[in-house]
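The structure is given below, and queries will be raised subsequently.
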Amino acid sequence: MKRPILIHPDPRLKKVCVPVPDVSDELRVLADDMLETMYAAPGIGLAAPQVGILQRVIAMDCVKEGEGDARPLVMFNPEVVASSEETNVYEEGCLSIPEQYAEVTRPKEVQVKWIDRDGHEQSETFDGLWATCVQHEIDHLNGKLFIDYLKPLKRQMITRKMQKLKRERAREQ
Ligand code: K1U
Ligand code: ZN
């Protein structure tokens, strides 16, 4: 089932999410819903707080169309355990901040550990778009948005645009 995506500013997008105690059937349903919501948006990642659930769950698939088989990944309690010194600049977007993009600098490679949907611990080193995306999604779990890396004036400008967008959407309902 597709779930509605919260739009910034929303207090739920600023909260630090709680770890999941164990992977239940209810959480597997949430994970499937998040993948469906992410693919439909379309997006390459989604974090649980973006659908109003304040638990540490993320979904990702950074395989570009026509560049091989899809790789839907769901992570419970993801943690960056090592980061490269070398950085990478990527023009990021966010499904909670539609049609706004800005360059963000982050470590080029990160090693992440997480719990998979079967409750098993996994670890993998990501680079390129996967590394950017997993860091963006883990930031969501800590109440941080990509605009928090920008200068205050630019962040304020984007926030005002989003307030206007939310007013317009509310009027259309
Ligand atoms: O977390 C989110 O809001 C999803 C976000 C993830 C992300 C994008 C770019 C850099 C870092 C993290 C998105 O998926 S925005 C949409 C997007 O990037 C995209 C959509 C369709 C095709 C390709 C990319
Ligand atoms: Zn985002």
Side-chain angles (χ1 to χ4, degrees), residues 1-20 27 29-67 70 72-78 80 87-108 110 112 126 128-173:
M1 182 189 76
K2 240 169 53 166
R3 302 194 186 201
I5 298 175
L6 300 178
I7 302 298
H8 166 73
D10 186 296
R12 288 167 286 184
L13 293 171
K14 302 306 296 173
K15 296 270 196 286
V16 176
C17 298
V18 297
V20 305
L27 282 172
V29 169
L30 168 67
D32 289 342
D33 286 356
M34 285 173 60
L35 283 170
E36 189 180 338
T37 306
M38 177 192 85
Y39 284 125
I44 55 171
L46 192 71
Q50 292 180 278
V51 292
I53 307 293
L54 301 184
Q55 299 196 66
R56 301 187 81 83
V57 186
I58 64 174
M60 292 194 301
D61 187 348
C62 298
V63 178
K64 291 182 184 140
E65 233 183 279
E67 284 190 6
L73 249 186
V74 166
M75 298 182 179
F76 298 97
N77 301 339
V80 172
T87 57
N88 196 22
V89 181
Y90 194 87
E91 185 161 71
E92 296 192 17
C94 181
L95 297 176
S96 295
I97 310 176
E99 287 167 33
Q100 303 300 315
Y101 304 91
E103 287 190 341
V104 177
T105 304
R106 299 183 187 268
K108 187 174 179 292
V110 284
V112 179
F126 294 97
L129 183 54
W130 284 92
T132 298
C133 188
V134 74
Q135 291 175 83
H136 176 116
E137 301 311 331
I138 292 174
D139 272 355
H140 272 300
L141 304 182
N142 293 322
K144 190 163 182 167
L145 302 173
F146 82 91
I147 56 170
D148 295 325
Y149 293 96
L150 309 181
K151 294 198 173 105
L153 203 64
K154 172 97 179 158
R155 184 165 62 238
Q156 215 172 66
M157 212 178 73
I158 293 177
T159 298
R160 292 213 174 110
K161 280 189 189 163
M162 291 302 105
Q163 285 166 328
K164 185 163 173 266
L165 176 74
K166 285 176 80 170
R167 279 198 302 274
E168 284 165 2
R169 285 190 179 179
R171 251 187 270 126
E172 283 164 12
Q173 302 255 307

Query raised in the report: Does the side chain of D148 come within less than 4.5 Å of R155's, by heavy atoms?
Result: yes

Query raised in the report: With side chains defined as the heavy atoms from C-beta onward, is the minimum distance between W130 and V63 less than 4.5 Å?
Result: yes

Query raised in the report: Looking at P42 and L95, what are the two nearest heavy atoms and their distance?
Result: O-CD2, 3.7 Å

Report summary line: Output for pair (Y149 OH, E92 CD), nearest 0.5 Å, gives 8.0 Å

Report task. Measure the SG-CD1 distance between C17 and I138 for me, rounded to the nearest 0.5 Å. Result -> 12.0 Å

Report task. For the residue pair I53 and M34, establish whether any side-chain heavy-atom pair is separated by less than 4.5 Å. Result -> no

Query raised in the report: Are D61 and L35 close enough that some pair of their side-chain heavy atoms sits under 4.5 Å apart?
Result: no

Query raised in the report: What pair of heavy atoms forms the shortest contact from A41 to G43, and how long is it?
Result: CB-N, 3.9 Å

Query raised in the report: With a 4.5 Å limit on heavy-atom distance, are the side chains of M60 and V134 in contact?
Result: yes

Query raised in the report: So, for P49 and L54, which heavy atoms are closest and what is the spacing to 0.1 Å?
Result: CB-CD2, 3.9 Å

Query raised in the report: Out of curiosity, K166 NZ to I7 CD1, how far, rounded to the nearest 0.5 Å?
Result: 7.5 Å

Query raised in the report: Given F76 and L30, is the side-chain contact (heavy atoms from CB on, under 4.5 Å) satisfied, shown in steps?
Result: CA-CA 11 Å; F76 298 97; L30 168 67; 5.9 Å; no

Requested in this report: Could you please spell out the steps behind the salt bridge (Lys or Arg N to Asp or Glu O under 4.0 Å) verdict for K15 and D10?
Outcome: CA-CA 10 Å; K15 296 270 196 286; D10 186 296; over 6 Å; no

Query raised in the report: NZ of K164 to CE of M162: how many Å apart, nearest 0.5 Å?
Result: 10.0 Å

Report task. Please lay out, stage by stage, how L165 and R169 fare under the test side-chain contact (heavy atoms from CB on, under 4.5 Å). Result -> CA-CA 6 Å; L165 176 74; R169 285 190 179 179; 3.9 Å; yes

**Report entry** Residue among R12, H8, Q50, H140 satisfying side-chain hydrogen bond (donor to acceptor under 3.5 Å, both in side chains) with S96
**Finding:** Q50

Query raised in the report: Does atom CD of E99 have more than 12 heavy-atom neighbours from other groups under 6.0 Å away?
Result: no

Requested in this report: Write down the atom of F146, the atom of C94, and the distance for their closest heavy-atom approach.
Outcome: CE2-CB, 3.5 Å

Query raised in the report: Is it true that a side-chain atom of Q135 and a backbone atom of A131 form a donor plus acceptor pair closer than 3.5 Å?
Result: yes

**Report entry** Y39 six-ring face occupied by K2 cation (under 6.0 Å, within 45°)
**Finding:** no

Report task. May I ask you to decide if N88's main-chain N or O and R106's side chain share a donor-acceptor pair within less than 3.5 Å? Result -> no

Requested in this report: For E91, look at atom CD and say whether over 12 heavy atoms of other residues, nucleotides or ligands are found less than 6.0 Å away.
Outcome: yes

Query raised in the report: From H136 NE2 over to L46 CG, what is the distance, rounded to the nearest 0.5 angstrom?
Result: 9.0 Å

Query raised in the report: Roughly how far apart are I97 CD1 and L6 CG, rounded to 0.5 Å?
Result: 12.0 Å

**Report entry** N/O donor-acceptor pair under 3.5 Å between E36 side chain and M1 backbone
**Finding:** yes

Report task. Taking all heavy atoms of C133 and all of G45, pick out the closest pair and write down the distance. Result -> SG-CA, 4.0 Å

Report task. Evaluate the side-chain proximity of V89 to V104: yes if any heavy-atom separation is below 4.5 Å, no if none is. Result -> no

**Report entry** Sub-4.5 Å side-chain heavy-atom contact between I147 and T159
**Finding:** yes

Query raised in the report: Do Q156 and L150 come close enough that some side-chain heavy atom pair is under 4.5 Å?
Result: no

